[in-house]
**Student:** 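What follows is a single structure, and I will ask about it in a moment.
For this chain, numbers begin at 1 and follow the sequence in order.
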Amino acid sequence: MFEDYLTWKPFFDIVPMQETDCSAASELHGQRFSRQWSADEVSSLLLQSGVFGFSALQTNAFFSRPLGGFVLSREAAGEAEILTIAVSEKLARSGLGWRLMQAALREALDRGAESMFLEVDEMNASAVGLYRRLGFQQVARRPAYYAAADGTKTAALVMRRDLR
């Protein structure tokens, strides 16, 4: 019986993001990025035409449904882009980012997008690896695009994937 507690794993549903998720998404964004998006910024984006998102909500928590990750995307004129994606650090490499990206890719395709773009810090090896496994290819590089907390600048890789 005690071993069950040692092997307990959280389970998550991937569901359309709601305005009620924006505060937790803001907190999670701040944990993963040097510039935190406020809850109002997240909410404002989510309410824009063409913007959609997904939340990873824990289903086997005792009192609430904590947010394990989220993705925000936008579709316009046959193209889609990932605006941001964040997964809790303790859930990194759990497959949650993959599941969120799959949901965003499916929704973009359903909305008529032909391709999807994203930008990623070239120093974020795990994210770059995830995007490559999902079929994204680098199409451009923006030097000194991201600023780290220590003031150093790193490049953004612009990546693209065909959806059809």
**Student:** Judged by atom type as modelled, is there a donor-acceptor pair below 3.5 Å linking the side chain of Asp21 to the main-chain atoms of Gln18?
**Tutor:** yes

**Student:** For the residue pair Thr152 / Asp150, report whether a side-chain donor-acceptor contact shorter than 3.5 Å exists.
**Tutor:** yes

**Student:** Quick one: are Gln48 and Arg74 in side-chain contact, heavy atoms under 4.5 Å?
**Tutor:** yes

**Student:** Only pairs at least two apart or in different chains count here, so list each side-chain hydrogen bond (donor to acceptor under 3.5 Å, both in side chains) that has a residue in residues 87-99.
**Tutor:** none

**Student:** Does the pair Arg35/Glu41 count as a salt bridge with the N-to-O cut at 4.0 Å?
**Tutor:** yes

**Student:** From Glu79 CD over to Glu81 CD, what is the distance, rounded to the nearest 0.5 angstrom?
**Tutor:** 9.0 Å

**Student:** Roughly how far apart are Leu157 CG and Arg142 CZ, rounded to 0.5 Å?
**Tutor:** 11.0 Å

**Student:** Between Val15 and Phe54, is there a side-chain heavy-atom distance shorter than 4.5 Å?
**Tutor:** no

**Student:** Check Leu100 against Gly69 and note the closest heavy-atom contact, atom names and distance.
**Tutor:** CD1-C, 3.7 Å

**Student:** If we ignore angles and hydrogens, is there a donor and acceptor under 3.5 Å between the side chains of Ser73 and Glu107?
**Tutor:** no

**Student:** With the side chain counted from C-beta on, respond yes when Thr154 and Tyr145 share a heavy-atom pair under 4.5 Å apart, and no when they do not.
**Tutor:** no

**Student:** Do Thr59 and Asp13 get their side chains close enough for a donor-acceptor pair, meaning under 3.5 Å?
**Tutor:** no

**Student:** Working to the nearest 0.5 angstrom, can you tell me the gap between Arg161 CZ and Ile82 CD1?
**Tutor:** 10.5 Å

**Student:** Could you tell me whether a side-chain N or O of Asp162 sits under 3.5 Å from a main-chain N or O of Arg164, the two making a donor and an acceptor?
**Tutor:** no

**Student:** Can you find a side-chain donor-acceptor pair between Ser43 and Glu19 that sits under 3.5 Å?
**Tutor:** yes

**Student:** CZ of Arg106 to CE of Met101: how many Å apart, nearest 0.5 Å?
**Tutor:** 11.5 Å

**Student:** Side-chain contact, heavy-atom cut-off 4.5 Å: Leu28 with Phe70?
**Tutor:** yes

**Student:** Any side-chain heavy atom of Phe52 sitting closer than 4.5 Å to one from Leu72?
**Tutor:** no

**Student:** Do Ser26 side-chain atoms and Gln36 backbone N/O form a donor-acceptor pair below 3.5 Å?
**Tutor:** no

